[in-house]
Amino acid sequence: MNYSLNKRTMSVGPKKGEEVFVASAVCQKHRISFDELCERMADDSTVGQADVAAVFYRLRKVLNQLCSHGFIVDGGPLGTFRPTFTSKAVSKEEDFKPAECISRTQIIFTPTADFRQLKDVEFFRVAKQERKGTKKKKTTKDSDPSGPTTVG
């Protein structure tokens with residue numbers, strides 16, 4: 001995984017006011033599409049890409065149905081899915097009308113600790129990424145004196 005070092009001034013803790021360097025993940029420019037994900041899932045398995053996609057679409061439909069009925073769904077090694085919503089406050093209980101007061105119904109996904117933890121990650125230092133709309137600074141090609149580091 002690529003990372004860059006960024007200079008920050010600490011605002012809390014024992015190093016408050018000091019300038020320090022903090023690593024930030026630099027994500028790849030290429031986004032893995034749903035089709036590519038399904039292709040990779042189908043590799044070395046007995047099912048094809050279309051079958052994998054069908055399972056994902058069915059999972060989405062079933063999760064929506066179950067969470068709409070208030071169930072918390074255990075997704076095994078992935079994690080849990082639970083329903084939530086936003087509610088307006090009312091002064092009197094009898095003034096509460098669900099159609100008017102409840103909004104933003106959604107599913108919250110909480111990954112398991114094992115799923116959340118990335119495994120066998122190699123780190124490669126890259127030049128600091130400029131944000132869109134800012135002027136680019138000149139950098140050298142050999143900005144990584146440390147080489148890759150493996151964690152996990």
Side-chain angles (χ1 to χ4, degrees), residues 1-45 49 52-53 55-57 59-91 93 96 98 100-152:
M1 180 183 306
N2 293 341
Y3 72 93
S4 64
L5 286 179
N6 303 292
K7 189 186 288 189
R8 302 271 189 263
T9 302
M10 293 298 291
S11 58
V12 295
K15 294 187 177 191
K16 184 176 180 175
E18 288 183 40
E19 285 191 344
V20 296
F21 289 89
V22 178
S24 298
V26 176
C27 293
Q28 300 297 321
K29 303 287 186 227
H30 174 72
R31 185 182 195 118
I32 303 298
S33 70
F34 180 70
D35 288 340
E36 190 175 346
L37 174 64
C38 291
E39 282 178 31
R40 289 183 181 211
M41 301 260 318
D43 286 349
D44 299 325
S45 77
Q49 176 186 352
V52 172
V55 169
F56 273 118
Y57 283 116
L59 175 66
R60 181 180 69 174
K61 183 176 182 177
V62 170
L63 284 173
N64 194 294
Q65 289 171 339
L66 293 171
C67 288
S68 291
H69 287 96
F71 290 102
I72 296 172
V73 181
D74 181 350
L78 295 179
T80 57
F81 301 85
R82 65 181 171 84
T84 189
F85 56 78
T86 302
S87 175
K88 291 182 183 176
V90 294
S91 299
E93 185 177 349
F96 187 83
E100 297 170 11
C101 297
I102 295 176
S103 62
R104 280 195 56 214
T105 57
Q106 56 190 2
I107 296 174
I108 300 290
F109 170 64
T110 306
T112 61
D114 189 53
F115 182 61
R116 180 177 299 165
Q117 184 68 44
L118 297 175
K119 309 282 191 263
D120 301 320
V121 180
E122 279 192 292
F123 293 97
F124 301 92
R125 185 172 173 185
V126 297
K128 183 178 174 186
Q129 301 296 299
E130 296 297 325
R131 293 184 182 174
K132 289 182 180 179
T134 60
K135 293 181 181 179
K136 293 183 179 183
K137 295 179 182 177
K138 290 185 179 180
T139 57
T140 61
K141 283 196 281 185
D142 302 319
S143 62
D144 181 11
S146 61
T149 306
T150 304
V151 175

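Counting from 1, the numbers follow the sequence of the chain as shown.
Take H30 and apply the side-chain contact (heavy atoms from CB on, under 4.5 Å) test, not counting sequence neighbours, and it matches I32, E36. With sequence neighbours excluded, the residues forming a side-chain contact (heavy atoms from CB on, under 4.5 Å) with P98 are F96, I102, listed by chain and number.
Counting all heavy atoms, side chain and backbone alike, A42 lies closest to S45 at O-OG, 2.8 Å. In this structure, N6 and S24 approach most closely via the heavy-atom pair ND2-OG, 2.8 Å. The nearest pair of heavy atoms linking Y3 to A23 is CD1-CB, 4.0 Å. Contact detail for P83 and C67: the closest heavy-atom pair is CB-O, 3.2 Å. Closest approach of A127 and S4 over heavy atoms only: O-CB, 3.9 Å.
Counting heavy atoms from C-beta on, the side chains of P77 and T112 never come closer than 4.5 Å. At least one side-chain heavy atom of R116 sits less than 4.5 Å from a side-chain heavy atom of T110. Within the 4.5 Å cutoff, the side chain of Q28 has heavy atoms near those of the N2 side chain.
The number of heavy-atom neighbours closer than 6.0 Å to CZ of F71, taken from other residues, nucleotides and ligands shown, is 12 or below. Under a cut-off of 6.0 angstrom, the local environment of CZ in F85 is sparse, with at most 12 non-hydrogen atoms contributed by other residues, nucleotides or ligands.
Considering CE of M1 and CZ of F123, their distance stands at 5.5 Å, rounded to 0.5 Å. In this structure, OG in S68 is found 10.0 Å from CG in L63, a value given to the nearest 0.5 Å. Taking CG from L37 and CD from Q49, the interatomic distance works out to 9.5 Å, rounded to the nearest 0.5 Å. Here the straight-line distance linking atom CD1 of I72 with atom CD1 of I107 works out to 12.0 Å at 0.5 Å rounding. R82 contributes atom CZ, which lies 9.5 Å from atom CD of Q106 (distance to the nearest 0.5 angstrom). K15 NZ to T9 OG1: the interatomic distance, rounded to the nearest 0.5 Å, is 13.0 Å.
Without hydrogens or angle criteria, K88 side chain to S103 main chain gives no donor-acceptor distance under 3.5 Å.
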